[in-house]
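Worksheet: one structure, shown below.
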Amino acid sequence: MSSRLPIRGAALRRPPTLLFFGAHPQPPHARRRPQLPTTSSLLQPQRRAATTSVKGWSTAPPRSKHRRFNQPNAGLPALTTGPAAALERRENTTPLRTGVLAVKKGMTSVFVGKTRVPCTVLQLDQVQVVANKTRDKHGYWAVQVGAGTRPARNVTSPLLGYYEAKGVAPKSELAEFYVRSHEGLLPVGVQLLPDWFQQGQYVDVRARSRGMGFAGGMKRHGFAGQEASHGNSKNHRTIGTTGPSQGSGSRVMPGKKMPGRMGGVWATVQNLKVLRVDNELGIVLVSGAVPGPTDCTVKLQDSKKRKAPALPYRQKVFQQLLDRHPGAAEALQMARERHLEMKQRRRQHVDGELTRGPAVQESKEETATA
């Protein structure tokens, strides 16, 4: 017996209303036929409801970002992508004067009144200005400073020519110190003494920290370690899991704190007070500890977060610097001329050796054949 055919139009009929506990059927007068969209409604933009997918992405319009750190009344310049804007943003935190290179000699203590203050001894060893970096040529204002001495046999030829053009003996250390404007530049060849800093001012000290070799997580990052008992077997100082699968996708996230090489990185200590200045011994005493081992080279410069020495003191020190090195500009010009002359001689000597080489070889061959 064949099955009955469906009644025509049965698919268009509304299914009967099911009665649930606490529910009431919809009255006949509330049933309305669906209205077709008009032409005007089709032309108007339709608003989509904010939906959230499984991964957390939303189709809602983006909210306006807050301006907590870049408010107009904070005195900050407008953010742009040019180098001039970057220099303008760093203008307030760039020191007015250049810094010096010093050698850490150790720690001691001095009495300030009745208070015993620990301090670090920093010694200046033939600190000279080697070059100036200008905004037009290099893109920023800076002073290149050299310290110490190095034998000429341990210096490469290009660097020897660089020192020769400046009229300065080869240095063991070179460093640049940013300054705020052209007013912070100094004549090339002048020597900076400890009285460059004023007693009582604040300075920032930067150096490479003391290397400690390969260290574990507890020593390197201060991890608490694991339990001492209750089933823990020989895992008391381990760091535990490194790649959880719940939120990181069964992998180790970049930057995970793990055992590794500890120390030997650049570290800065700010706002150290200058306690003593001695030109005869060539030392500067600063309060507190300084990063780095003994006999390491440190960078010493005016503090960024404190006021620089007063303008009369800065003018006085600059004038003393010029008085100690009269004719610095003339000496630099003479060194440049001497460098060009020596460079031309060396080039002629090399060309003569190259041209004389084949002639000597030919004469040797003629002598051998004869």
Side-chain angles (χ1 to χ4, degrees), residues 62-102 127-147 158-159 161-163 165-166 168 171 173-190 192 196-198 201-208 255 265-272 297-319 321-322 328-329 332-333 336:
R63 305 176 184 176
S64 59
K65 296 183 179 180
H66 62 84
R67 299 177 57 86
R68 174 183 175 188
F69 302 104
N70 294 316
Q71 296 181 2
N73 57 359
L76 299 176
L79 293 177
T80 59
T81 57
L87 291 177
E88 187 178 359
R89 288 193 296 269
R90 296 195 301 263
E91 183 177 2
N92 295 333
T93 57
T94 303
L96 297 171
R97 310 186 304 166
T98 180
V100 300
L101 291 174
V127 179
Q128 288 182 275
V129 177
V130 178
N132 290 318
K133 301 301 179 69
T134 59
R135 176 72 175 86
D136 299 334
K137 186 175 182 180
H138 305 91
Y140 58 94
W141 304 99
V143 178
Q144 189 181 47
V145 175
L159 197 56
Y162 179 77
Y163 286 119
K166 306 296 181 180
V168 180
K171 297 293 182 180
E173 299 288 344
L174 281 177
E176 287 187 6
F177 295 91
Y178 285 92
V179 293
R180 187 172 300 181
S181 62
H182 63 90
E183 298 178 357
L185 303 181
L186 297 177
V188 176
V190 299
L192 299 176
W196 179 255
F197 300 99
Q198 185 180 16
Q201 77 164 101
Y202 291 89
V203 294
D204 294 341
V205 183
R206 180 175 174 83
R208 284 192 176 272
V265 296
W266 283 102
T268 305
V269 179
Q270 296 181 331
N271 304 331
L272 298 182
T297 303
V298 302
K299 298 180 180 180
L300 188 65
Q301 195 173 13
D302 296 341
S303 178
K304 294 183 178 181
K305 298 181 179 178
R306 298 296 185 97
K307 293 183 178 180
L311 180 60
Y313 182 83
R314 299 200 306 267
Q315 295 176 348
K316 173 186 173 183
V317 173
F318 183 73
Q319 188 61 37
L321 199 65
L322 297 181
L332 177 62
Q333 184 63 25
R336 289 176 176 173

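This structure is a prediction, so every number in the text was calculated from the model and none was measured.
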On a heavy-atom basis, which atom in [X] and which in [Y] lie closest, and how many Å separate them?
X    : Y    : answer
V190 : A328 : CG1-CB, 4.3 Å
V130 : Y163 : CG1-CE2, 4.5 Å
P187 : L322 : CG-CD2, 3.8 Å
K299 : A175 : CE-CB, 3.8 Å
A165 : L332 : O-CD1, 3.9 Å

TODO: Please tell me if the side chains of V127 and W196 come closer than 4.5 Å, counting only heavy atoms from C-beta onward.
DONE: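 No; the side chains remain at least 4.5 Å from each other.
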Open item on the list: What I'd like to find out is whether the side chain of L185 reaches to under 4.5 Å of the side chain of V129, using heavy atoms alone.
Closed with: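 No. Closest side-chain heavy atoms not under 4.5 Å.
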TODO: Report the C-alpha distance between Q270 and D204 in whole Å, list the side-chain angles of each, state the deciding distance to 0.1 Å, and finish with yes or no for side-chain contact (heavy atoms from CB on, under 4.5 Å).
DONE: CA-CA 4 Å; Q270 296 181 331; D204 294 341; 3.4 Å; yes
Open item on the list: Out of the candidates L101, V100, V205, only one should pair with V298 under the side chain to side chain contact (heavy atoms under 4.5 Å, CB included) rule; please name it.
Closed with: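 For V298, the side chain to side chain contact (heavy atoms under 4.5 Å, CB included) test succeeds with only one of L101, V100, V205, which is V205.
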Please answer whether the main-chain N or O of [Y] pairs with a side-chain N or O of [X] as donor and acceptor at a distance below 3.5 Å.
X    : Y    : result
W141 : N132 : no
R314 : P309 : yes
Q315 : P312 : no

[atom1] of [X] to [atom2] of [Y]: how many Å apart, nearest 0.5 Å?
X    : Y    : atom1 : atom2 : answer
R180 : T93  : CZ    : OG1   : 8.0 Å
Q144 : H138 : CD    : NE2   : 9.0 Å
K316 : L311 : NZ    : CG    : 13.5 Å
Y313 : F197 : OH    : CZ    : 9.5 Å

TODO: Applying salt bridge (Lys or Arg N to Asp or Glu O under 4.0 Å), name anything that partners R97, two or more places apart in sequence or on another chain.
DONE: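 Scan of R97 (salt bridge (Lys or Arg N to Asp or Glu O under 4.0 Å), adjacent residues dropped) gives D302.
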Open item on the list: Filter on salt bridge (charged side-chain N to carboxylate O under 4.0 Å, His left out), then keep only pairs touching residues 129-145, sequence neighbours left out; what's left?
Closed with: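 Listed by first then second residue: K133-E176.
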Open item on the list: With side-chain contact (heavy atoms from CB on, under 4.5 Å) as the criterion, how do F318 and L186 come out once you've worked through the C-alpha distance, each side chain's angles and the decisive distance to 0.1 Å?
Closed with: CA-CA 9 Å; F318 183 73; L186 297 177; 3.6 Å; yes
Open item on the list: What verdict does the side-chain contact (heavy atoms from CB on, under 4.5 Å) test give for N271 and V203, after you've listed the backbone C-alpha separation in whole Å, the side-chain angles of each residue and the deciding distance to 0.1 Å?
Closed with: CA-CA 5 Å; N271 304 331; V203 294; over 6 Å; no
- [ ] Report the residues that fulfil ring-ring contact (aromatic ring centres under 6.0 Å, His included) with Y140, sequence neighbours left out, ordered by chain and then residue number.
- [x]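 Applying ring-ring contact (aromatic ring centres under 6.0 Å, His included) to Y140 gives Y178.
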Task: V179/L96 under side-chain contact (heavy atoms from CB on, under 4.5 Å): CA gap, chis, key distance, verdict - done: CA-CA 5 Å; V179 293; L96 297 171; over 6 Å; no
